[in-house]
Amino acid sequence: MPQTLVPRIRSEFPSVDGTPTHVLKCGDFPPDQDNKLLYLIIPGNPGVVGYYDKFMRELYRAHGGRIPVWGVAHAGHVILPDHVRRKNSDASKGPYGLHDQIRHKISFIKNHVPRDANLILIGHSIGCYMMLEILKRCPEVNVLKGVQLFPTIEHLKETPNCSRIMWMMPLLSFFQRLAVFLAFLVSFLPDVIKRWLLKLVFVGYKLDQGALEASLNLFDPNVTNSCLFLGYQEFTQVREPDLRCIGQHLEKLIFYYGATDGWAPVSFYQRMKNIFPRGDIHLCERGFQHAFVLEGSAEMAGIVAGWIEQTTAAEGGRTIDTS
């Protein structure tokens, strides 16, 4: 599908259990398609769905426009446009914890996703944990596949990245308040200055424009507070992996671990592979970072599309070149 035919991504803000929620949608269901397929992306933390803009476009293009791609942000992780904020002035402001976000995603699926759609869930980072909870709590939802990209679904306190910041835990409340205060100060700066600051932070990265724009949300104090609050709950609540849930849904799941991932080290991949030797469990060979959306969106989309084309081949899917 030529790049020029990839549709503009639509940005919507439906109310999910009273919380205005940012949703991105790329493409529509083909009118002649009997079996509706729909990608739904559950992001990591920060749960700013704009980070997945290029990934969504490339995923849609890889399938020749046959499968629409949606992405749903985490509650409280996106700055709301003025007209949405005014319309929802009485909405809950959060912060939203880990299980609040899980209930939020379940409500979105039940109330805003077509009931006859076969979902291809894509979880990234903590979004993978949320996906497993959706599978466990909502057996009535039609899930064709669940793709777990760089999954943080177990023992976060044992990960290299968490070990590096454990010294902060006794002072976490102080650092959280400090970060929120700094975000409050920076929020008054013009966007051109904010973009310049972001380019300093991401120096050395070939940052996609969509990822740069998405990062502007992090200069909002409420968004900063929501991201940090969710992060703290991840550290304290993501412990033993739900092996029973994984075993029950193993045929639906695809795992993709990073070879240098500080949030899900190779030892986690090896352990999962040993427990589920028949599972579709991969170790990255392309050097992607945990935050693949910063630089590796197109390549990752090609890999995921290839998996799904193989899955749907028996139902009339066509083979694509994902090289």
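Residues take their numbers from the sequence shown, with the count starting at 1.
A donor-acceptor pair is defined here as one N or O able to donate and one able to accept, closer than 3.5 Å; no such pair exists between the side chain of K105 and the backbone of I42. Looking at N45, its side chain does come within 3.5 Å of a backbone N or O of C227 through a donor-acceptor pair. Side chain of T152 to main chain of I126: a donor-acceptor pair is present (N/O by atom type, distance under 3.5 Å, no hydrogens or angles). Remark: side-chain polar atoms of H155 are not paired, donor with acceptor, to backbone N or O of E240 under 3.5 angstrom. No side-chain donor-acceptor contact under 3.5 Å links N225 to the backbone of N222. Looking at N274, its side chain does come within 3.5 Å of a backbone N or O of Q270 through a donor-acceptor pair. Without hydrogens or angle criteria, E295 side chain to K206 main chain gives a donor-acceptor distance under 3.5 Å. A donor-acceptor distance shorter than 3.5 angstrom exists from the side chain of K194 to the backbone of S187, with no hydrogens or angles considered. With hydrogens and angles ignored, the 3.5 Å screen pairs no side-chain donor or acceptor of D208 with any backbone N or O of G210. For Q101 (side chain) and A75 (main-chain N/O), a donor-acceptor pair under 3.5 Å exists by modelled atom type.
The ring of Y256 has its center closer than 6.0 angstrom to the ring center of F150. In this structure, Y51 has its ring center no closer than 6.0 Å to that of H124. Aromatic ring centres of W70 and Y60: separated by at least 6.0 Å. For an aromatic pair to be called close, the ring centres must be under 6.0 Å apart, and F292 with F55 satisfies this. Aromatic ring centres of F188 and F184: separated by under 6.0 Å.
With 3.5 Å as the limit, one finds a donor-acceptor pair spanning the side chains of H290 and S125. Counting only N and O atoms by type, the side chains of H104 and T21 include a donor and acceptor under 3.5 Å apart.
Listed by chain and residue number, nothing satisfies the salt bridge (Lys or Arg N to Asp or Glu O under 4.0 Å) test with R239 (two or more places apart in sequence, or in another chain). Take F13 and apply the ring-ring contact (aromatic ring centres under 6.0 Å, His included) test, not counting sequence neighbours, and it matches H22.
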Inset, instruction - Kindly determine whether K157 and E234 satisfy salt bridge (Lys or Arg N to Asp or Glu O under 4.0 Å), including the steps that lead there. - result: CA-CA 9 Å; K157 282 190 175 181; E234 292 174 37; over 6 Å; no
Legend entry - Stepwise salt bridge (Lys or Arg N to Asp or Glu O under 4.0 Å) check, E12 with K25: CA-CA 8 Å; E12 301 178 1; K25 296 182 178 181; 3.1 Å; yes
Inset, instruction - Please lay out, stage by stage, how K136 and H249 fare under the test side chain to side chain donor-acceptor pair (under 3.5 Å). - result: CA-CA 9 Å; K136 182 166 63 176; H249 299 280; over 6 Å; no
Inset, instruction - Take Y39 and H63 through the side chain to side chain donor-acceptor pair (under 3.5 Å) test and state the conclusion after the steps. - result: CA-CA 11 Å; Y39 277 109; H63 289 289; 2.7 Å; yes
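Under the 4.5 Å side-chain criterion, counting only non-hydrogen atoms from C-beta, P265 is in contact with T159. At least one side-chain heavy atom of F29 sits less than 4.5 Å from a side-chain heavy atom of P114. Using a 4.5 Å heavy-atom cutoff, the side chains of L243 and I275 are in contact. Residues L38 and N118 fail the side-chain proximity criterion, which asks for heavy atoms closer than 4.5 Å. Side-chain contact between P46 and L218 is present, with heavy atoms from C-beta onward closer than 4.5 Å. Between L40 and I120, every side-chain heavy-atom pair lies at or beyond the 4.5 Å cut-off. When side chains are defined from C-beta on, E154 counts as touching R271, because their heavy atoms get closer than 4.5 Å. Side-chain contact between F108 and D17 is absent, with no heavy-atom pair separated by less than 4.5 Å.
The nearest pair of heavy atoms linking P68 to L37 is CD-O, 3.4 Å.
By the 6.0 Å contact criterion, CD on E251 is open, its count of non-hydrogen atoms from other residues, nucleotides or ligands being 12 or less.
In this pair, F202 and Y205 present their aromatic rings perpendicular. The plane angle is above 60°, beyond the 30 to 60° band.
Going from atom CG of L189 over to atom CG of L197 covers 7.0 Å, rounded to the nearest 0.5 Å. Note that CZ of R103 and OG1 of T19 are 11.0 Å apart. Values are rounded to the nearest 0.5 Å. The CG atom of L228 sits 12.0 Å away from the CZ atom of F175 when rounded to the nearest 0.5 Å.
Tested against H282, the residues F288, W307, Y269 include a single ring-ring contact (aromatic ring centres under 6.0 Å, His included) partner, W307.
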